[in-house]
Amino acid sequence: MPRRGLVAGPDFEYFQRRYFTPAEVAQHNQPEDLWVSYLGNVYDLTPLAQEYKGDLLLKPIVEVAGQDISHWFDPDTGDIRKHIDPLTGSLRYRTPWGRFLHVPPQLPRSDWANDFGKPWWQGSRYEVGRLSAKTRNIRIINTLTSQEHTLEVGALESMWEILHRYLLYNAHAASYTWKYEGKNLNMDYTLEENGIRDEEEEFDYLNMDSTLYTPAVLLYFSDDLTEL
């Protein structure tokens, strides 16, 4: 529900972004702050790491903190890849990087506890959003203060989600009207839907450096700077 005077929009106290860039996932690369991505989604495995702190089977997961581990999975089933075990001749999980949490041992063992319920990679309890398969840069210029910031954003993010990213630099960002080439932006639309084209492929075709041109969104003061 809108909660600001002249600028309608979502309540940012409860707002949740849908997309995260690979660079953002990479920042969460410690056992106490452990994210991974796989098969297009992003997962916060910090609670799992805390629950099994000190367990040797946690080591392969900690080693890939902040990375995409889609190669661990069969994209058709969403499960860990499997193979025929040469020792037992049975179908087993394939873990060349080392056996990890919730993967059963190669042979029966008395110390194997399988009372954990679903394996950590099944279900959505650790999911925090989608991985942005395509990202692009956008410049945001505050015409009131002349401050300029360049953000890396997901190509499928709405302008509200981009605004949410920009709050780090300007807590009053929602008190401005956002424009591109003199036209008000539809904050429910993506950059592309607002006519801000991604021309990276055209630059590559012309052997030009796409970083030399980054589209600019202009912010115009239009509210009473109500705190979010």
Side-chain angles (χ1 to χ4, degrees), residues 15-83 85 91-104 116-138 149-168 190-192 198-201 203-204 209-211 214:
F15 185 82
Q16 291 185 329
R17 283 186 11 231
R18 298 172 298 162
Y19 293 95
F20 295 90
T21 68
E24 287 178 303
V25 177
Q27 295 173 2
H28 302 271
N29 57 6
Q30 302 296 326
E32 60 275 7
D33 181 20
L34 198 166
W35 287 23
V36 297
S37 62
Y38 56 88
L39 302 181
N41 292 321
V42 178
Y43 299 85
D44 180 1
L45 300 185
T46 307
L48 182 76
Q50 294 302 311
E51 181 180 356
Y52 290 92
K53 187 175 182 178
D55 193 320
L56 288 176
L57 295 181
L58 182 64
K59 186 172 181 288
I61 299 175
V62 172
E63 290 177 343
V64 296
Q67 301 178 34
D68 186 84
I69 55 172
S70 295
H71 59 285
W72 287 19
F73 297 86
D74 182 335
D76 294 326
T77 65
D79 201 2
I80 303 294
R81 293 184 182 275
K82 296 180 179 180
H83 71 140
D85 189 297
L91 192 64
R92 296 283 182 179
Y93 286 126
R94 182 178 179 275
T95 57
W97 44 85
R99 179 170 158 253
F100 52 83
L101 291 172
H102 300 172
V103 171
F116 48 78
K118 282 187 176 181
W120 60 264
W121 61 86
Q122 294 182 3
S124 59
R125 62 189 183 278
Y126 298 118
E127 184 178 331
V128 293
R130 299 276 297 167
L131 183 69
S132 292
K134 170 68 174 174
T135 65
R136 54 184 300 192
N137 290 331
I138 189 75
H149 297 88
T150 299
L151 302 183
E152 181 186 24
V153 304
L156 297 179
E157 292 183 16
S158 71
M159 294 305 303
W160 284 123
E161 290 170 299
I162 294 174
L163 187 154
H164 187 264
R165 290 179 177 279
Y166 182 65
L167 289 176
L168 176 66
T190 65
L191 291 170
E192 195 81 24
D198 184 356
E199 300 177 312
E200 182 179 353
E201 291 185 3
F203 276 94
D204 288 343
D209 185 0
S210 61
T211 61
T214 303

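Below, all heavy atoms of this structure are taken into account, side chains as well, without hydrogens, waters or symmetry copies. Note that the coordinates shown come from a computational prediction; the quantities given were computed from them, not determined experimentally.
- Within the structure, salt bridge (charged side-chain N to carboxylate O under 4.0 Å, His left out) contacts touching residues 119-133 (residues at least two apart or in different chains) do not occur.
- Side chains of Pro22 and Leu131 form a contact here, defined as non-hydrogen atoms less than 4.5 Å apart.
- Contact detail for Ser37 and Val25: the closest heavy-atom pair is N-CG1, 4.4 Å.
- Considering CD1 of Ile162 and CD1 of Ile138, their distance stands at 6.5 Å, rounded to 0.5 Å.
- Proximity of Asp198 to Lys134: side-chain heavy atoms (C-beta onward) are separated by under 4.5 Å at one or more points.
- Applying the salt bridge (charged side-chain N to carboxylate O under 4.0 Å, His left out) test to residues at least two apart or on different chains, none of the pairs has a partner in residues 30-44.
- Using a 4.5 Å heavy-atom cutoff, the side chains of Trp35 and Phe20 are in contact.
- Nearest heavy atoms, Gly154 versus Ser132: CA-OG, 3.5 Å.
- In this view, Trp121 and Asp79 satisfy the side chain to side chain donor-acceptor pair (under 3.5 Å) rule, not counting sequence neighbours.
- The ring pair (Phe, Tyr, Trp, His ring centres under 6.0 Å) with Trp72 is formed by just one residue from the set Tyr93, Tyr38, Phe100; it is Phe100.
- Annotation: the span from Thr190 atom OG1 to Met159 atom CE amounts to 9.0 Å, rounded to 0.5 Å.
- Among residue pairs with one or both ends in residues 16-27, those qualifying as salt bridge (charged side-chain N to carboxylate O under 4.0 Å, His left out) are Arg17-Glu24, Arg18-Glu161, Glu24-Arg165; sequence neighbours excluded.
- In this structure, Arg94 places its CZ atom where only 12 or fewer heavy-atom neighbours from other residues, nucleotides or ligands lie under 6.0 Å away.
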Show me the side-chain donor-acceptor pairs of residues 51-62 shorter than 3.5 Å, one per line, residues at least two apart or across chains.
from, atom 1, to, atom 2, distance (Å)
Tyr52, OH, His102, NE2, 3.1
Asp55, OD1, Leu57, N, 2.9
Lys59, NZ, Glu63, OE2, 2.5

Candidate pair Ile80 and Phe73, rule side chain to side chain contact (heavy atoms under 4.5 Å, CB included), full reasoning: CA-CA 4 Å; Ile80 303 294; Phe73 297 86; 3.4 Å; yes
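- A donor-acceptor pair under 3.5 Å is formed between the side chain of Trp120 and the backbone N or O of Leu101.
- Contact of the Leu45 side chain with the Val36 side chain is registered, since non-hydrogen atoms from C-beta on lie closer than 4.5 Å.
- Annotation: the span from Lys118 atom NZ to Ser124 atom OG amounts to 8.0 Å, rounded to 0.5 Å.
- Atom CG of Asn41 is separated from atom OH of Tyr126 by 15.5 Å, given to the nearest 0.5 angstrom.
- The side chain to side chain donor-acceptor pair (under 3.5 Å) test applied to Glu152 returns Thr135, not counting sequence neighbours.
- Put simply, CG on Leu163 and CZ on Phe15 are 8.5 Å apart, with the number rounded to the nearest 0.5 Å.
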